[in-house]
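Worksheet: the structure to be examined is printed underneath.
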Amino acid sequence: MMLRCSLLGSSLYLLCLVLSLGTTTQSLAPSPWHPPLSRHSLKQLEKMRCLRKRSAVPCLGLLVLCLLFVNLYMEDGHVLQDGDKQALSEAATHPPGAERPPHAARPVSNFSAARNVSYHYLAGTPLLRKRYLTIGLSSVKRKKGNYLLETIKSIFEQSSYEELKEIAVVVQLADFDWAWCAGMAQDISQRFAHHIIAGRLLVIHVPEEHYPALEGLKRNYNDPVERVKFRSKQNVDYAFLLNFCANLSDYYVMLEDDVRCSRNFLTAVKKVITSREGSYWVTLEFSKLGYIGKLYHSHDLPRLAHFLLMFYQEMPCDWLLIHFRGLLAQKEVIRFKPSLFQHMGYYSSYRGAENKLKDDDFEEESFDLPDNPPANLHTNMNVFENYEASKAYSSGDEYFWGKAPATGDFYGAVFEKPIKISKIKVVTGTEDRQNDILHHGALEVGEKVVGSKKGRQCSTYLRLGEFRNGKFEVTDVEHKVLFDVSCVRIVVTKSQKEWLIIRSISIWTSQTPNP
């Protein structure tokens with residue numbers, strides 16, 4: 001409020017000064033204290049007076065525009081935190097040079113008062129509008145290879161124009177080598193200038209002085225000293241990044257800096273979040289590797305950041321995440337397939353060691369997730385422990401497991417209402433139990449549900465095909481089946497000694513069925 005008054009007061013002073021321009025020549029008229037002027041001098045003074053009057057008009061117009069800008073700036077200031085307004089005046093695509101560190105942009109209030117962290121904006125400006133999803137990346141200088149630019153490129157290239165309007169990408173350059181950070185920020189700014197200008201890409205940095213001690217740390221698990229330092233610093237890097245992103249969007253997903261994305265991954269994420277409405281979750285996982293594709297509610301980020309900072313020297317971040325999830329009462333992993341993100345780096349950020357890990361559940365075109373409409377699942381097979389029928393129909397990383405099935409055994413799904421189906425896909429067996437597949441079986445669809453709630457099934461079935469190597473897939477079902485489908489059934493056509501794992505049942509629906 002004091003700042004506004006000061007600005008307005010200064011503006012009014014300038015306004016009075018300009019208004020006085022049109023009258024200054026009056027003081028030069030003849031008076032008892034001045035001798036009379038010649039006719040030529042009077043003409044010159046008259047010309048000067050007209051010139052100043054004419055120049056006062058554009059000056060007044062410019063001042064009015066300045067006053068309007070000041071008023072709008074001050075009115076919009078409530079959406080920014082202290083210090084963000086200063087960052088707004090910086091050019092979004094001109095990061096600071098390597099010869100000097102940037103000025104502090106904003107203090108952090110989510111950590112304890114004992115730790116006052118300031119972020120530096122190397123590219124971009126504070127977001128003025130809350131998004132649906134923030135994508136966070138933390139990157140350091142690698143001894144071999146650098147994949148950060150390709151990761152950012154993949155995020156943007158694999159997103160549609162409508163999806164781009166709902167995301168924000170925050171890249172934290174977390175290396176203590178300022179020259180590297182400035183150079184990398186320059187490369188990002190030049191390559192992705194339009195995304196920075198559009199307000200969907202930020203590059204930030206936290207100076208070394210804000211980090212806790214990284215020497216003399218506990219050597220848990222008998223890790224080498226350098227390894228302990230690397231993973232401890234990584235925990236702090238992630239803590240700072242999470243805290244920065246806490247208020248930018250509704251949801252947050254963490255990626256590593258060497259990742260390739262599937263096409264329209266945001267659409268797939270939104271579909272999963274919608275399907276989980278009404279159920280409790282802390283972390284949803286869209287990759288089974290490292291700290292890749294882990295999704296959180298943004299309101300949990302301050303707690304997670306504080307948790308990582310509190311135990312930064314105890315263990316690696318992926319282990320800490322498991323403990324955090326458990327403390328918030330999510331005991332089981334909730335992972336979705338196909339994976340939306342793939343590790344593409346060949347060299348690790350730790351000492352340049354080789355890292356060839358790949359997610360074999362990743363699909364480039366995985367945006368086409370199944371619908372799996374609500375259904376009642378049942379089977380007459382002998383179920384092993386708690387691997388019940390419902391787990392094969394889930395989109396998570398779980399499955400149905402039954403003891404050796406006999407001819408005529410079945411697994412059935414009865415939908416709550418008849419549906420139009422466009423595609424069906426069933427996968428049996430797992431990577432570590434590749435022989436527990438359906439060796440001889442068929443898939444059928446049915447209509448006209450009969451029986452009680454517990455024993456509901458269809459009165460008639462139509463066979464769509466046989467399983468091949470434990471898998472079944474059929475498309476254009478709506479053109480092959482003339483009725484609205486009420487049931488899908490997997491039938492064992494020949495007994496087998498091996499147990500049966502039904503890993504996933506995926507159903508895609510088409511248009512709304514006929515009444």
Side-chain angles (χ1 to χ4, degrees), residues 337-338 360-361 370-415 418-451 454-509:
K337 297 179 291 184
D360 50 15
D361 288 327
D371 299 298
N372 281 21
N376 178 39
L377 294 310
H378 60 278
T379 182
N380 66 344
M381 300 182 209
N382 188 3
V383 179
F384 175 63
E385 294 185 352
N386 63 338
Y387 294 88
E388 58 263 17
S390 61
K391 294 191 173 182
Y393 198 64
S394 166
S395 57
D397 191 22
E398 49 191 5
Y399 50 82
F400 163 79
W401 200 358
K403 298 180 180 179
T407 304
D409 283 354
F410 67 89
Y411 176 105
V414 180
F415 303 112
I419 59 173
K420 289 284 189 184
I421 295 179
S422 60
K423 178 181 173 182
I424 302 174
K425 182 179 180 180
V426 180
V427 179
T428 65
T430 60
E431 297 171 18
D432 55 343
R433 294 188 175 274
Q434 299 183 12
N435 209 34
D436 285 4
I437 62 173
L438 182 56
H439 295 276
H440 303 280
L443 188 134
E444 301 172 340
V445 294
E447 62 174 338
K448 298 179 181 178
V449 177
V450 296
K454 292 184 178 180
R456 297 175 73 221
Q457 58 181 327
C458 286
S459 59
T460 59
Y461 284 90
L462 172 67
R463 182 161 295 187
L464 292 182
E466 307 287 329
F467 277 74
R468 297 286 183 269
N469 298 319
K471 297 180 180 180
F472 177 88
E473 184 171 354
V474 59
T475 58
D476 297 323
V477 177
E478 69 271 34
H479 299 137
K480 300 171 183 177
V481 179
L482 300 180
F483 53 84
D484 295 337
V485 177
S486 295
C487 306
V488 170
R489 184 170 69 176
I490 300 169
V491 180
V492 179
T493 56
K494 184 178 179 180
S495 300
Q496 60 185 59
K497 295 180 180 179
E498 298 82 9
W499 288 15
L500 171 62
I501 291 176
I502 302 180
R503 183 177 177 182
S504 63
I505 300 172
S506 303
I507 295 174
W508 288 261
T509 59

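Side chains are part of it too, since the values below use all heavy atoms of this structure and drop only hydrogens, waters and symmetry mates. These numbers were taken from a predicted model, which means no experiment stands behind them.
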Residues forming a side chain to side chain contact (heavy atoms under 4.5 Å, CB included) with V383, sequence neighbours excluded: T379, F400
Verdict with reasoning, F415 to I421, per side-chain contact (heavy atoms from CB on, under 4.5 Å): CA-CA 12 Å; F415 303 112; I421 295 179; 4.3 Å; yes
Point-to-point distance, once rounded to the nearest 0.5 Å, from CZ of R463 to CD of E444: 4.5 Å
Interatomic distance, T430 atom OG1 to N435 atom CG [nearest 0.5 angstrom]: 10.5 Å
Salt bridge (charged side-chain N to carboxylate O under 4.0 Å, His left out) contacts touching residues 402-413 (sequence neighbours left out): none
OG on S506 to OH on Y393, rounded to 0.5 Å: 9.0 Å
Criterion side-chain contact (heavy atoms from CB on, under 4.5 Å) on H440 and T407, from CA distance to verdict: CA-CA 9 Å; H440 303 280; T407 304; over 6 Å; no
Those residues that, when tested against S459, pass side-chain hydrogen bond (donor to acceptor under 3.5 Å, both in side chains) (two or more places apart): none
Sequence-distant partners of Y387, ring pair (Phe, Tyr, Trp, His ring centres under 6.0 Å), two or more places apart: F384, Y399, W401
M381 versus P405, closest heavy-atom pair with distance: SD-CB, 4.1 Å
Which atom of Q496 lies closest to which atom of A404, heavy atoms considered: O-CB, 3.2 Å
Any donor-acceptor N/O pair, S486 side chain to P418 backbone, under 3.5 Å: no
Partner set under side chain to side chain contact (heavy atoms under 4.5 Å, CB included) for I437, not counting sequence neighbours: T428, H439
S390: side chain to side chain contact (heavy atoms under 4.5 Å, CB included) partners, not counting sequence neighbours: E388
side-chain contact (heavy atoms from CB on, under 4.5 Å) partner of F483, chosen from E447, K420, K448: E447
L443 side, atom CG; L438 side, atom CG - distance, nearest 0.5 Å: 10.0 Å
All side-chain hydrogen bond (donor to acceptor under 3.5 Å, both in side chains) counterparts of N386, not counting sequence neighbours: none
Any side-chain heavy-atom pair of V414 and C458 under 4.5 Å: no
Crowding at NZ, K471 (>12 non-hydrogen neighbours, <6.0 Å): no
Test salt bridge (charged side-chain N to carboxylate O under 4.0 Å, His left out) applied to R433 - qualifying residues, sequence neighbours left out: none
Donor-acceptor contact present, side-chain Y411 to main-chain V492, <3.5 Å: no
Contacts of type side-chain hydrogen bond (donor to acceptor under 3.5 Å, both in side chains), residue T475, not counting sequence neighbours: none
E498: salt bridge (charged side-chain N to carboxylate O under 4.0 Å, His left out) partners, not counting sequence neighbours: none
For T493, side-chain hydrogen bond (donor to acceptor under 3.5 Å, both in side chains) partners two or more places apart: none
Pairwise side-chain contact, V477 with W508, heavy-atom cut-off 4.5 Å (strictly under): no
Any side-chain heavy-atom pair of I505 and I490 under 4.5 Å: yes
N372 (side chain) donor-acceptor with I507 (main chain) under 3.5 angstrom: yes
Interatomic distance, N376 atom CG to C487 atom SG [nearest 0.5 angstrom]: 9.5 Å
Which residues share a side chain to side chain contact (heavy atoms under 4.5 Å, CB included) with F410, sequence neighbours left out: H378, N380, R489
